[in-house]
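A short worksheet on the structure shown next.
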Amino acid sequence: MTPEFAIQLALMLPLVAVGGTLLFSARPNLREGQAVLCGLALFAIVVYLTKEVYWGGRPAFSLFEFVPGLSIAFKVEPLGALFALVASSLWSVTTIYAAGYMRGHHEKNQTRFFCFFSAAIFAAIGAAFAGNMLTLFFFYELMTLLTYPLVTHHGTKEAMRGGRIYFGILIFGSIAFMLLAILWTYHLTGTLDFEPGGILKGSASRGVLVALLMLYIFGTGKAALMPFHRWLPAAMVAPTPVSALLHAVAVVKVGVFTVLKVTLYIFGIDLLHEQGLSTILMYVAGYTMLAASLIAMTKDNLKERLAYSTVSQLSYIVLGAMLANDLGIMGASLHIAMHAFGKITLFFCAGAFIVAAHKTEISDMRGLGRRMPITMAAFFVGAIAVIGLPPCGGAWSKWYLALATAEAEQWALLAALMISSLLNIAYLMPIPVWGFFAPDPQTPPGEKTKIVEAPVACLMALVTTAVMSVALFFLAGKIELLLAPLRMLGGGR
C-alpha cells in the first residue's frame with residue numbers, strides 16, 4: 001500500500017461506515033460493530049501514515065485543481081498526523097460508548113445518529129490531512145454541517161435553539177471572517193498552499209497582516225475564543241457521546257488545529273515574532289482562559305461546567321500559537337492530544353452518571369462515587385489530566401506553555417496560566433471528593449451502598465480513555481519526536 005493510497009483509504013473508511021450503518025439499520029449490533037471495525041482500520045492506516053511522517057516523509061496527493069495555486073489537495077505533516085491519531089483512536093472507543101449510552105438511555109433515531117457520527121469523522125480526517133487552506137476550509141465547514149443534526153438530535157425546542165446558536169455563530173464567523181481572510185491571502189500571494197515558514201512574508205504591510213490574522217483567528221469560531229464561544233455551551237443539548245467526541249475532540253480540535261496551521265504555514269512563526277502581529281490575540285486568549293474558568297465554577301450542571309472548561313482549555317492552545325516560539329507551538333500541539341483524552345473521559349463519566357443514576361447536577365452527586373466507584377475514579381483521572389498534574393499527559397503540555405510564556409517574557413500571561421490551573425482544581429476536584437466522601441442522601445446510615453454502574457460498553461470506554469490519559473504522560477517523548485520538525489519552522493526560536 002502506497003502512502004498516497006493510504007490517505008485515500010483513510011478518507012473513504014468513515015464513508016464506508018456511514019453506508020454500513022444504513023445497511024444494518026435494523027440490526028444494532030452489526031450497525032455499531034461495523035463502525036468499530038472501520039474505526040480500528042482507520043487508526044491502523046493513520047499509524048502507518050504517521051510512521052511515514054516520523055521518518056521524514058510527507059505523503060500527498062491532489063484531488064483536482066480549479067486554477068493554478070487553488071486545489072483540493074492533501075498532505076500529511078506532523079501536526080495533521082497527531083490530530084488524525086487523536087480522532088481515529090477515539091472514534092472506535094466513542095462508538096462503543098455511544099452504543100451503551102444510546103441504548104441505555106433509550107434514545108430515538110439511533111441509525112441517523114451513527115450515520116452523522118461517522119460522517120463527522122470523515123470531515124475531521126479531511127481537515128487533518130488538508131494540504132492547503134482551501135481544503136481545510138472545505139472540511140471545516142463540512143464539519144459544521146454534519147454535526148448540526150447531532151446537536152439537534154433530540155428535536156426538542158431546547159435542542160433546536162441550541163442548534164441555531166451553534167450553526168449561526170460557526171457559519172457566520174467562517175463566512176464573514178475566515179473566508180474573507182482566505183480570499184485576501186490568495187489575492188496577496190497567488191496561492192493557499194501550506195508552506196513551512198508561511199506564505200505571507202513580504203506580501204503586505206504590518207497593518208494588513210494584523211487585520212488578516214484577526215480575521216483568521218476570530219473566523220475560526222470552533223476555537224471558541226470569547227466573544228465567539230457561546231456555540232459550545234449551547235451545543236451541550238446534544239446527547240453525551242456527541243459532547244464527548246465531537247465537542248471535546250473533533251469539532252473544537254478542528255478549530256485550534258486550524259489556528260495552528262494558519263500560524264505555522266500561512267503566516268509563519270518568524271513573521272509573527274518579528275512584527276509582533278499576535279500580541280492582542282495573546283491577551284484575548286489569556287482573558288478567555290480566566291473568564292471561562294470563572295464561569296465554569298458557577299455552573300451546577302456538569303455538562304455545562306465541562307463546556308466552559310473546554311472554552312478555557314482551547315485558549316491554552318491559541319495562546320501557545322500566538323506566542324510564536326517553538327515552546328509555545330510544542331505545548332499547543334501536545335495539548336491537542338492531552339486535553340482530548342482527559343476531557344473525553346470527563347464527558348464519558350458525565351453521560352454514565354445520567355444513564356445509571358439520572359444525575360445531571362453536581363449538587364446531586366454527593367456520595368455518588370460510592371455507588372459508581374469505577375466511573376468516579378475515571379472522572380478523577382480525567383480531572384487530573386485537564387488540570388495538568390502528573391501522572392497525566394496534560395502536565396507536559398502545560399509545562400511547555402508555561403516555559404513559552406516565560407521565554408516570551410509575558411509574565412501576566414504566565415500568571416493567567418497558573419491562576420487558570422488553580423481554577424481548574426476548584427471547579428473539577430470537588431466532584432470526586434464529594435462523590436467519594438460526602439454522605440449519600442440515597443443510602444440510609446448503616447445500610448450497605450448498592451453499586452449501580454453504567455452499561456458495560458460505557459465503562460469500557462471511560463476506563464480506556466482514563467488509562468490513555470495516564471499513558472500519554474509516558475508517551476509524550478515519542479509525540480515530541482513526531483512534532484520535532486515544527487520547531488525548525490521558527491528557526492528553533
Side-chain angles (χ1 to χ4, degrees), residues 169 173 213-214 217-218 220-234 236 247-248 252-253 255-256 259-260 263 278-325 327-328 331-332 334-336 338-340 342-343 346 362 382-389 392 394-431:
I169 291 177
L213 184 62
M214 292 282 192
I217 304 306
F218 284 118
T220 309
K222 292 183 176 73
L225 274 184
M226 290 182 172
F228 300 101
H229 69 287
R230 288 187 59 239
W231 66 270
L232 205 157
M236 291 302 111
H247 298 289
V252 297
K253 293 306 187 296
V256 289
V259 169
L260 281 166
T263 300
S278 56
T279 303
I280 294 174
L281 289 168
M282 286 184 210
Y283 285 92
V284 173
Y287 171 78
T288 302
M289 192 188 304
L290 292 174
S293 294
L294 289 169
I295 295 171
M297 291 184 65
T298 69
K299 299 298 180 182
D300 191 38
N301 182 277
L302 180 54
K303 284 179 66 176
E304 286 187 17
R305 181 171 293 193
L306 295 180
Y308 277 101
S309 169
T310 298
V311 173
S312 176
Q313 294 291 319
L314 293 178
S315 62
Y316 284 66
I317 300 173
V318 177
L319 173 61
M322 295 299 103
L323 285 168
N325 56 32
L327 288 170
L334 282 172
H335 207 57
I336 286 180
M338 306 310 184
H339 172 258
K343 185 54 64 69
L346 296 180
I362 296 166
I384 290 293
V386 171
I387 292 165
L389 296 174
C392 290
W396 293 116
S397 55
K398 289 197 175 184
W399 173 249
Y400 273 115
L401 290 169
L403 291 178
T405 54
E407 183 179 274
E409 298 184 355
Q410 294 288 347
W411 308 115
L413 293 174
L414 178 59
L417 275 169
M418 298 300 103
I419 294 169
S420 176
S421 293
L422 291 174
L423 292 172
N424 296 165
I425 297 172
Y427 65 69
L428 288 176
M429 291 311 293
I431 298 168

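The figures here come from the full heavy-atom set of this structure, side chains too, leaving out hydrogens, waters and symmetry mates.
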What's the separation between atom [atom1] in [X] and atom [atom2] in [Y], rounded to the nearest 0.5 Å?
| X | Y | atom1 | atom2 | value |
| --- | --- | --- | --- | --- |
| Ile280 | Ile217 | CD1 | CD1 | 12.5 Å |
| Ser421 | Leu389 | OG | CG | 8.0 Å |
| Thr220 | Leu260 | OG1 | CG | 10.5 Å |
| Ile362 | Ile431 | CD1 | CD1 | 4.0 Å |
| Leu302 | Met236 | CG | CE | 11.0 Å |

Nearest non-hydrogen partners of [X] and [Y], listed with the distance:
| X | Y | value |
| --- | --- | --- |
| Gly342 | Val386 | C-CG2, 3.9 Å |
| Leu281 | Phe218 | CD2-CE1, 3.7 Å |
| His229 | Ala224 | CB-O, 3.4 Å |
| Ala408 | Asn325 | CB-ND2, 4.0 Å |
| Met226 | Ala292 | CE-N, 3.7 Å |
| Ile425 | Pro430 | O-CD, 3.4 Å |

- Task: Measure the shortest side-chain to side-chain distance between Thr263 and Leu213 over non-hydrogen atoms and say whether it is less than 4.5 angstrom.
- Result: no
- Message: Using side-chain heavy atoms (C-beta onward) and a distance below 4.5 Å, is His335 in contact with Ile317?
- Response: yes
- Item | The single option from Leu327, Leu334, Leu319, Leu417 passing side-chain contact (heavy atoms from CB on, under 4.5 Å) against Leu401 | Leu417
Using atom types as modelled and distance alone, determine if a side-chain donor or acceptor of [X] lies under 3.5 Å from a backbone N or O of [Y].
| X | Y | result |
| --- | --- | --- |
| Trp231 | Gly221 | yes |
| Arg305 | Tyr427 | yes |
| Lys343 | Gln313 | no |
| Lys398 | Ile387 | yes |

- Task: Under the side-chain contact (heavy atoms from CB on, under 4.5 Å) rule, collect the residues that match up with Tyr283, sequence neighbours excluded.
- Result: Thr279, Gln410, Ala412, Leu413
- Given side chain to side chain contact (heavy atoms under 4.5 Å, CB included), test Leu314 with Leu232 step by step and report yes or no. CA-CA 11 Å; Leu314 293 178; Leu232 205 157; 4.2 Å; yes
- Please determine, by modelled atom types, if Tyr308 and Ser293 share a side-chain donor-acceptor pair under 3.5 angstrom. no
- Worked verdict on Ser420 versus Tyr316 for side-chain hydrogen bond (donor to acceptor under 3.5 Å, both in side chains): CA-CA 10 Å; Ser420 176; Tyr316 284 66; 2.6 Å; yes
